[in-house]
Amino acid sequence: MTAVAQSPGATASQQLEGNAIGLPEVLFQSITHMAPAVATALSIGAATGFAGRLTPLAVLLAMVACLFTAYSIGQLAKHLPSAGGMYTYVTRGLGPFVGWLMAWAFTLAEPLVAPILLAAFGFFGATFLQTYLHIGEGFTYLWVVLAILCGVLLWWLISSGIGISTRTGVILGAIEIGIFVFISALLIFKAGSRNTLDVFIPGDEGAGPAFQGMIFCLLAFIGFEAAAPLGEETREPRRTIPRAVIWSTIAVGAFYVFNYYAATVYFGPDKMGDFLTFNNSDPWGGMATEVLGTLGGILVVFAIINSSFANANSGATAATRSIFSMGRGGLLPRWFATLRPVERTPINAIHFQAIVAIVVAVVGGLVLVDDPYPGSGPINIYVFIGTMLGLLFASMYIAVNLAVIGFYLRERRDEFNVIKHLVVPILGVIAMIPALLSVIGGLTIPILNVKLAPFSGALSLIAPIAIVWMLIGVVVYFVLRSRNPQALDTLGQIYGGEAAPPA
């Protein structure tokens, strides 16, 4: 079936632009949402202190773990292509109440992706201008100016149509990946006889360090599901969305493995425990400068800046489509369901996302200027919100895996396959538990017996904030239930895909 899945309850004026994009655009929507360059430099860098020489193995394990969830999303997307994304899946698999909680969690999580990338853009952009071009030296708030400019550019881009915004993602994603692959290839070449597959093979220390590092590597994959909300605007969504989710996970996973194999053999497997603090906590810039001179450092910083904007673009695109769906379905004010007539973009959702992104990035960076790292406001807001996103997305991935089991048992019993629809989802749930516990902090991961240090300062507020948000969501659910029960009872139908089964 090649027709675009549209919401049965929506009028023509409430429909997104159908058949606007294909596999390349959707694929890079997920790829850029993972921010490959930023994740390589920051997220996975944190894993090196735990995994050491086994960091490449830790990344490989994280990729396999995420593939379970990616496969589960693919199994649901082929029947439920919708701008509602993951909460459509959970509604149909686990019921309206759990589906609403998924929608509520996503409503907090996805709009917060763009702000942290605006902050990262501001920080690395200021570094680039001040260090390499000697522009704005001594101006402490240059990052604020750049974050705002990035936000305004993002505002314009996602307002201009799904085609131009996703094709921009293809170009930006190709640039950042190309730069890091080039640098990594040079590192492997320079390593010469030090190249070895031992970095994938546990030694006397066992596999424990790799599993500990895997916890942090999992966070680098958040975003592989970002193709799902584009179902209504995609050609052949039942085929395209599952492919994009799975292929993006494999492609970016291979990219991460290649990069950290190169870094490990070049830097020295036995020294990887000190990798993150090398070159004033800019190890990739330091290594690139060693093998390519000043140009190498410039390329790395440019790739990270590029990655920040590309990730902000894909995150905002996914967020606005989901907010639009909730407004169209009556679960948020219908103001959010307004579409721009020509471009068919959810313009009010875009306005909301752009303003939230700029305000949160700037205000958050100024408030958290010394927590947890002194004088590093934009990085601190990145760490704070990034950790919260890890908690929320790990929970949502667990729900999606469980939804596969429920959906195929309840609605697609004739297609039910023990491996595809039971074993793989269960493995997906198990794989996400370490990531869930790691971002809560202060707990011990069972079986692995990994003790996690408790958070302090602002980071200690993350779990309470998430809990309070979800409790508010429970209250809102029952308020909506009393005022508009039809919207909740037909949540899966409102958000597209196949019609909901009869009661």
Side-chain angles (χ1 to χ4, degrees), residues 20-44 59 63 66-67 70 73 110 113-114 116-118 120-121 124-125 128 150 153-154 156-158 160-185 217 219-230 233-235 240-260 262 284 288 299-321 357 386 389:
I21 52 178
L23 180 59
E25 295 91 345
V26 179
L27 178 65
F28 272 86
Q29 164 71 7
S30 283
I31 287 176
T32 55
H33 200 298
M34 287 183 266
V38 173
T40 296
L42 297 178
S43 302
I44 302 178
V59 178
M63 179 180 73
C66 288
L67 276 173
I73 290 175
E110 194 65 31
V113 171
I116 65 173
L117 275 305
L118 296 191
F121 182 96
F124 287 106
F128 179 79
C150 182
L153 178 59
L154 176 68
W156 169 80
L157 181 62
I158 60 177
S160 300
I162 188 65
I164 186 173
S165 63
T166 53
R167 288 174 190 124
T168 299
V170 172
I171 296 170
L172 296 178
I175 290 173
E176 65 180 281
I177 289 172
I179 289 174
F180 264 88
V181 167
F182 174 63
I183 296 296
S184 294
C217 294
L219 302 180
F221 284 88
I222 287 177
F224 62 83
E225 81 296 333
L230 304 188
E233 298 160 283
T234 302
R235 293 187 290 274
T240 303
I241 299 298
R243 289 181 179 181
V245 171
I246 294 173
W247 290 3
S248 65
T249 306
I250 294 173
V252 173
F255 171 78
Y256 290 154
V257 171
F258 181 73
N259 289 345
Y260 269 90
W284 280 96
L299 284 175
V300 166
V301 175
F302 176 76
I304 295 173
I305 295 171
N306 174 92
S307 182
S308 298
F309 182 73
N311 189 189
N313 176 44
S314 59
T317 298
T320 53
R321 269 58 186 176
L389 292 177

Over all atoms of both residues, closest heavy-atom pair of [X] and [Y]:
X      : Y      : value
Gly125 : Ile305 : CA-CD1, 3.6 Å
Met34  : Ser248 : CE-O, 3.5 Å
Ala70  : Thr249 : CB-OG1, 3.6 Å
Ser184 : Ala262 : O-CB, 3.3 Å

Indicate yes or no: at least one non-hydrogen side-chain atom of [X] is less than 4.5 angstrom from one of [Y].
X      : Y      : answer
Ile31  : Ile177 : yes
Phe121 : Ile304 : no
Phe309 : Leu153 : yes
Phe180 : Trp284 : yes
Pro242 : Ile73  : no
Asn313 : Leu172 : no
Thr40  : Tyr260 : yes

For the pair Ser307 (side chain) and Ala303 (backbone), establish whether a donor and an acceptor sit closer than 3.5 Å, ignoring hydrogens and angles.
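It does not hold such a pair.
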
Main chain of Ala37, side chain of Glu176: is a donor-acceptor contact present, judged purely on distance under 3.5 Å?
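Here the side-chain-to-backbone pair exists.
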
Between Phe28 and Trp247 (judged by ring centroids, cut-off 6.0 Å), do the two rings come close enough to count as a pair?
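No - the distance between ring centres of Phe28 and Trp247 does not fall below the 6.0 Å cut-off.
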
Could you pull out all residues at least two apart from Tyr256 that satisfy ring pair (Phe, Tyr, Trp, His ring centres under 6.0 Å)?
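If we apply the ring pair (Phe, Tyr, Trp, His ring centres under 6.0 Å) test to Tyr256, skipping adjacent residues, the hits are Phe221.
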
Could you measure the distance from the [atom1] atom of [X] to the [atom2] atom of [Y]? Nearest 0.5 Å is fine.
X      : Y      : atom1 : atom2 : result
Leu118 : Cys150 : CG    : SG    : 5.0 Å
Asn311 : Ile116 : CG    : CD1   : 7.0 Å
Cys217 : Met63  : SG    : CE    : 11.5 Å

